[in-house]
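Worksheet for the structure shown next.
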Amino acid sequence: MNDMRYEAPDTIDGAVALLAGGRGEVRALAGGTDLLVQLRAEMIAPELVVDLKRIPELRSIAAEDGGFRVGAAVSGAELGEHPGVKALWPGVVEAVELIGSTQIQGRASLGGNLCNASPAADSVPAMIAARAVARVAGPAGTREVPVEEIAIGPGKTSLAKGEIVVSVLLPARPARSGDAYLRFIPRTEMDIAVVGAGVSLTLDESGVCSAARVALGAVAALAMLVPEAAAALVGTTLDEAALERLAAAASGACRPIDDKRGTKEYRIKVAGVLARRAALIAAERAGRS
Amino acid sequence: MAKDTDTGADTGYMGGDKELKWVGTRPPRPDGVDKVTGRAKFGADFYVPGMLIGKVLRSPHPHALIKSIDTSKAEALTGVKAVLTRDDFGDRSSEFVPAGEMMVNYRDIVRNVMAREKALYEGHAVAAVAATSNAIAKQALKLIEVDYEPLPHVIDAVEAMKPDAPLLHEDMITDGVEPAPTKPSNVAKRVEFTIGDVEAGFAAADVVIERAFDTSPVHQAYIEPHACVASVSEDGQAELWTTTQGHYVARAHCARLLDMDISKIRVTASEIGGGFGGKTVVYLEPLALGLSRKACQPVKMVMSRDEVFRASGPTSGAHMKIKVGATKDGKITAGQAELIYQAGAFQGSPVQPGAMCAFAPYDLENVKVVGWDVVTNRPKVAAYRAPGAPISEYAVECVIDELAKRLGIDPIDLRLANAAKEGTRAAYGPKFGPIGLVESLEQAKAHPHYQAPLGPNQGRGVASGFWFNIGGETCASLIVNEDGTAALTLGTPDIGGSRASLCMMAAEELGIEYDRVRPIIADTASLGYTFLTGGSRATFSSGLAVIEAARDVVRQLCERAAKIWEIPTDAVEWADGTAKPAGANAGDFEPMSLAAIAAIAGKTGGPVVGHAQINAQGAAPSFGTHLVDVEVDRETGRVTVLRYTVLQDAGKAIHPAYVEGQFQGGAVQGIGWALNEEYIYGPDGKLENAGFLDYRIPVASDVPMIDTVIVEVPNPRHPYGVRGVGETPIIPPMAAIANAIENALGIRFTELPMSPPRVLKAIDEMAAAE
């Protein structure tokens with residue numbers, strides 16, 4: 001029986017060096033709300049766990065080019081109390097705040113939710129809709145990666161050995177823009193999305209949708225962007241016909257599985273329902289911004 | 001069941017006109033501060049020097065022959081101190097003994113605690129180890145080699161009844177069938193309760209409704225997993241600390257399974273983090289004792305949540321057919337039910353109480369209920385709050401609602417027209433004494449909730465429920481301390497605030513302040529045998545014992561005063577917490593307080609201690625009626641409970657806040673049962689949702705504040721009028737919610753849970769049909 005090693009470096013370079021140098025299974029730890037559960041359930045038995053919470057860049061929220069750079073280990077509770085991010089990307093913040101419970105919110109992070117690579121991760125469709133970009137540091141330097149390219153399958157990421165997500169940039173956005181995220185769970189909290197839908201859109205001065213992004217979670221192996229759903233909104237005032245087309249496109253894009261959390265049939269139907277409801281909330285927010 | 005014989009103690013109802021100081025008030029519970037500060041010790045909180053960690057190896061197969069078990073590699077691992085298998089338990093012959101409201105059989109308990117010939121469900125214990133650390137114990141489990149021969153399995157009870165179904169027990173011949181079957185089957189038992197002539201009753205009906213219902217097994221979902229510490233010394237003296245609803249019953253089971261004298265096992269009940277019936281049986285206790293006996297070191301065992309789901313509880317799932325007939329003006333002429341309850345891997349589902357309760361709320365001339373007890377490859381069911389009753393009464397209360405709609409009669413009026421009342425003979429035998437069903441219905445009808453307007457997609461449902469409640473063997477001691485305070489020694493573990501209620505009754509009887517009485521739940525060596533906390537019996541039965549013990553104390557205090565005053569004992573009376581001369585002829589003495597008598601007790605005969613050892617009689621049933629409003633999201637199938645009101649007869653609420661807590665807790669558990677809770681098995685017979693993430697009990701934000709109305713129709717067999725209240729609240733919710741959904745959508749759901757995918761499918765099917 002091998003003991004697990006725990007390290008808590010305070011620099012990005014230190015973390016990268018530890019993770020790159022680990023001999024066996026290595027894991028990065030942010031809030032730990034997934035990792036600790038997996039450890040206890042004996043789903044993983046890493047030789048080395050590297051805690052990233054002491055690295056300042058991973059714990060800060062900073063304004064950048066009209067948007068915000070959010071450290072990968074910033075907790076949901078911290079993000080939820082940041083007036084700037086809440087005003088600019090309320091849909092992303094509400095998605096992060098749906099993770100777990102009040103207690104879990106003290107730990108759960110946007111970076112952890114992204115790198116756990118669950119198809120049902122709540123923050124990911126919202127971030128995809130927001131055109132968020134992850135900053136990845138590794139032995140070969142730093143690269144910028146659209147968030148939808150981080151997960152490549154359930155529990156699998158495109159990160160190379162020694163690479164970590166340092167931060168996520170939530171970009172600047174035009175006037176009259178709004179976003180929203182909705183998920184369906186059978187109860188009201190403490191659950192995993194059966195379906196998640198994130199919508200980000202911009203309206204022109206006459207209230208016509210000039211740009212939109214729609215992303216769905218928990219309806220395929222990966223959270224996904226659905227361009228045809230977005231296309232249903234662009235050029236419309238989100239009239240009934242446009243919303244019908246949006247819902248049909250969202251449902252049509254689903255490639256779900258039947259499992260204990262929901263049937264294929266149910267997920268397909270509800271994906272359309274949620275996309276439509278999220279679009280209306282996003283438009284209402286855009287109208288106010 | 002209610003034991004309604006006239007041999008009880010002299011403790012009849014005192015009448016409602018006596019002024020009460022404590023009974024009916026809401027003081028803080030004696031265990032409250034320890035619980036909110038984390039000081040209270042629950043099952044997993046006991047630590048003993050030199051303690052080993054015990055772990056269980058569980059079957060990965062739902063059904064398999066166990067050809068051999070090789071533990072040699074595990075035993076050779078450094079740090080492993082003991083290993084147990086089936087070879088460490090002697091076989092037991094078939095013998096049923098009571099466990100709460102259910103019966104258990106030692107032949108089955110020994111096999112459930114440790115698989116013998118076969119593993120009968122995924123998670124069935126096959127071996128146990130004790131080691132110096134958690135990690136070593138887990139490694140040792142991996143070194144145990146079990147040679148299984150997997151067998152075909154059966155999860156569903158109806159499937160299990162088919163002639164070609166995989167057979168769990170090769171010698172199981174259905175009981176209660178004449179002539180006895182010649183071939184074994186998975187059907188353990190047939191029960192029947194009949195009065196009158198149902199065929200004649202249906203012939204007299206203008207309307208007959210017949211419906212089939214299915215319910216899913218649901219777990220008690222106590223937040224605290226099973227946990228215990230056992231310590232057996234070299235001379236065979238054993239101590240056991242465990243989280244249990246009945247430490248005397250646990251002691252009896254362990255003694256029987258381990259061939260130990262009862263006197264050698266001393267059991268202490270920890271604080272208990274929920275039981276709901278699920279902690280009336282033993283799982284870990286015999287294993288911990290067996291391991292400790294082998295290792296001669298203390299052994300601690302704690303189940304994970306995964307183990308709790310795979311290997312303990314739940315209550316039965318069921319398939320039911322209900323038929324009810326009535327005249328145009330709403331008189332029910334006949335009720336008929338066929339109930340198939342799955343028992344899990346061993347016989348003993350609560351189908352019998354389910355059958356007895358099915359039509360109990362109604363005064364009917366013609367009733368026929370047939371029940372079947374069926375084994376399947378699932379964990380053996382355990383008691384769960386009014387075992388059996390929520391299932392059958394759910395089905396009947398749905399049909400009553402449909403009948404009301406068909407007849408155009410208000411559902412409360414239809415129930416009132418047929419409600420059981422004092423003198424009604426229940427289909428299962430006895431005549432009811434004073435009961436509060438009519439009162440609960442009348443108060444429901446008058447409640448503002450029943451008249452409140454509903455919005456779109458909203459519906460309102462009503463349902464009633466009945467449960468027997470029990471008494472039973474109970475001891476209590478009341479010790480008067482030298483400063484005039486008192487120590488109350490109890491034998492029923494406190495799962496719902498009973499310590500507060502029992503201290504209040506002691507204070508009321510003695511005439512002292514509530515906070516001068518401190519309670520303990522005594523270990524099994526410190527108080528006589530006391531049956532477990534179950535059947536809603538703790539406040540009733542321990543209450544009777546406490547009152548008797550307190551009156552014993554009062555008798556002694558009067559004797560002491562008489563001695564001091566040198567007057568006859570019968571010339572002294574007890575009033576307002578003091579001994580007084582009884583009238584002018586008795587003499588002119590200053591009244592003596594309890595404290596004053598206690599201070600000089602040494603000079604008047606020694607310590608004053610009251611005691612009671614009773615078999616509590618006169619338990620009275622509790623009826624309740626629930627009102628619920630729901631809103632249905634037609635696009636997602638989600639059902640939101642908007643408003644909920646419980647109206648139930650408590651006889652007399654000793655501590656109304658804890659009675660309300662019972663009402664609310666039962667309603668919340670019922671909401672989970674109605675809307676989301678279910679066991680999801682794969683085709684491989686393995687449980688796929690063995691955790692609270694996917695076994696969805698309600699979270700706080702899922703339910704509204706549950707309103708309560710305490711109806712009080714006193715039980716004439718208890719001095720303060722107490723009835724048990726803990727179980728009835730879980731009976732009406734499933735039907736009330738199904739009826740509310742029907743009211744909102746016009747769709748009658750006949751399968752639980754009414755989960756979003758199921759509700760959405762039905763809405764879409766209805767839309768497609770229109």
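Throughout, a chain's letter reflects where its sequence line sits, starting with A, and its residues are numbered from 1.
The parts of Leu693(B) that come within reach of chain A are both its backbone and its side chain, each placing non-hydrogen atoms under 4.5 angstrom from that chain. In this structure, chain A has a heavy atom under 4.5 Å from the side chain of Asn676(B), while its backbone stays farther away. Contact annotation for Lys260(A): both backbone and side-chain heavy atoms come within less than 4.5 Å of a heavy atom of chain B. For Arg267(A), no part sits under 4.5 Å from any heavy atom of chain B, backbone or side chain.
No more than 12 heavy atoms of other residues, nucleotides or ligands sit less than 6.0 Å from atom CZ of Arg107(A). The 12-atom threshold is not exceeded at NZ of Lys264(A), counting heavy atoms of other residues, nucleotides or ligands nearer than 6.0 Å.
By the 4.5 Å heavy-atom criterion applied to side chains, Phe692(B) and Met190(A) are not counted as neighbours. In this structure, Val195(A) and Thr636(B) have side chains that are not in contact, with every pair of non-hydrogen atoms separated by 4.5 Å or more.
Summarising the geometry, atom CZ belonging to Arg638(B) is positioned 4.5 Å from atom CZ belonging to Phe184(A); distances are rounded to the nearest 0.5 Å. Between the OG1 atom in Thr263(A) and the CZ atom in Arg758(B) there is a gap of 11.0 Å [rounded to 0.5 Å]. Within the model, atoms CG of Asp306(B) and CZ of Arg40(A) stand 12.0 Å from one another, a figure rounded to the nearest 0.5 Å.
Remark: of the listed residues Pro756(B), Pro757(B), Ser755(B), Pro753(B), Pro756(B) is the sole one forming a side chain to side chain contact (heavy atoms under 4.5 Å, CB included) with Pro186(A).
Comparing Glu688(B), Arg696(B), Glu635(B) by how many heavy-atom pairs each has under 4.5 Å with chain A, the most go to Arg696(B). Considering only heavy-atom pairs separated by less than 4.5 Å from chain A, the leading option among Leu675(B), Asn689(B), Asp764(B) is Asp764(B).
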For Asp191(A) and Val699(B): C-alpha separation, side-chain torsions, deciding distance, then whether side-chain contact (heavy atoms from CB on, under 4.5 Å) applies. CA-CA 10 Å; Asp191(A) 214 330; Val699(B) 297; over 6 Å; no
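The shortest non-hydrogen separation linking Tyr695(B) to Arg187(A) is O-NH1, 4.1 Å.
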